[in-house]
There are 2 protein chains.
Amino acid sequence: MKLNAHEIEHRLADFNELLRAKGLKVTQQRLVIFRALQESHGHLTAEQVHGAVAKDNPTLSLSTVYATLETLVEIGALAEITMDDGKKLFDRTTSAHHHFVDIDTGAVSDLEDSDAIKLDLKSLARKGYVIEKARVTVYGRAKK
Amino acid sequence: MKLNAHEIEHRLADFNELLRAKGLKVTQQRLVIFRALQESHGHLTAEQVHGAVAKDNPTLSLSTVYATLETLVEIGALAEITMDDGKKLFDRTTSAHHHFVDIDTGAVSDLEDSDAIKLDLKSLARKGYVIEKARVTVYGRAKK
DNA sequence: AGCCGAATTCGGAAGAATTCCGAAATCGGT
DNA sequence: ACCGATTTCGGAATTCTTCCGAATTCGGCT
Ligand SMILES: [Mn+2]
Ligand SMILES: [Mn+2]
Ligand SMILES: [Zn+2]
Ligand SMILES: [Zn+2]
């Protein structure tokens, strides 16, 4: 779930490079927000990101968090998913993957690749369409 | 996609029964709203439902549409899905099924059962969890 | 067919998440 | 260090949805 310190620093370094490659400025806000996601369990709302960075960055505004997260999704540094309640979560994992949702708590976690999910994208294509991606969401509840 | 007139009347009859079985009143608003979904392509926003019924029911309010759709989902007469933009669609099909989304237009259609999607729910279960459901969304764009 | 109480609907206000805006601050190339 | 473009800030605006109290409708009963 959580990344180790070394992996986080590695990702920060890559993120720096990515910003430069895209011609974007390396701002404190971008670094802090990206780091908050790497240090989290992986899926946070904008509000949660804002809360996570607030202690060390009390002036970092919520509107900057929103704008920054949007930028980071655009450049492929983060991904974005929408939950059933309509709220958006930002996802530190950008490669294609699927999700597990705890129905009671809303907690989201990543499903690792396995042969439990088999999607034949070729035959799923509607006539005249090209498939871009396919996403699976599995919902469950903790046994009590 | 669209249902024939006979099927729609059959569903309306079942819907009447369901309301009574649940001890709910059979109101004009409920009938009209449920019918609008049966006569549609299958997936509508509350706003679209309101628009669809407006001509014949100019006083049927949007807040009633919202309240009614919520009730109909609760009793299992309709289903509800949330799109990536956070907007909710009401779905005339209540049995488990998957969706295809046209990325450019947002148009949603149902994927029919096929062996192109294989989910092994047993092995997807997180430790200590019981799977309740799994949903697949396939995204594509029309070839130009 | 009319009455009555509970459920439902109405219209508008309120709420919540997100986006937009103009002004101030910051970044990075020179 | 300077300067211009980009980014950030704080608050207002927007959009979708829910909430609220008052009015209406439904359906069981007579
Ligand atoms: Mn690397
Ligand atoms: Mn039937
Ligand atoms: Zn994820
Ligand atoms: Zn559907």
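Convention: sequence-line order gives letters A, B, ...; per-chain numbering from 1.
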Give, ordered by number, those residues of residues 62-93 of chain B having at least one heavy-atom distance below 4.0 Å to an atom of DNA chain C; if nothing qualifies, reply none. B:S63, B:T64, B:T68
Is it the case that the side chains of B:T68 and B:T71 hold a donor-acceptor pair, with the cut-off being a distance below 3.5 Å and no angle test? no
Side chain to side chain contact (heavy atoms under 4.5 Å, CB included) partner of A:R92, the single match among A:R11, A:H41, A:H43: A:R11
Pairs under 3.5 angstrom, nitrogen or oxygen only, protein versus nucleotides 1-3 of chain D, please.
none

Length of the line joining A:L60:CG and C:dT26:C1', which is rounded to integer Å: 13 Å
Evaluation steps, ring-ring contact (aromatic ring centres under 6.0 Å, His included), between A:Y139 and A:F100: CA-CA 6 Å; A:Y139 300 85; A:F100 178 87; 8.5 Å; no
Atom pair CD/CG of B:Q38 and B:D14 - distance to nearest 0.5 Å: 10.0 Å
salt_bridge(A:E39, A:K2) N-O dist < 4.0 Å: no
What I'd like to find out is whether the side chain of A:F90 reaches to under 4.5 Å of the side chain of A:V73, using heavy atoms alone. yes
Least distance between heavy atoms, B:S109 atom then B:M1 atom: CB-CE, 4.3 Å
Measure from CD on B:Q48 to P on D:dT15 and round the result to the nearest Å. 16 Å
With under 30° as parallel and over 60° as perpendicular, where do the rings of A:H99 and A:H97 fit, or are they tilted in between? perpendicular
Of the residues in residues 18-34 of chain B, which ones touch DNA chain C at a heavy-atom distance under 4.0 Å? B:L24, B:K25, B:T27, B:Q29, B:R30
Nearest heavy-atom neighbours spanning A:D110 and A:E112: O-OE1, 3.5 Å
Nearest non-hydrogen partners of A:D91 and A:T93, listed with the distance: OD1-N, 2.9 Å
Counting any heavy atom closer than 4.0 Å, what does B:T45 reach on the DNA or RNA strands: base, sugar-phosphate only, or nothing? nothing
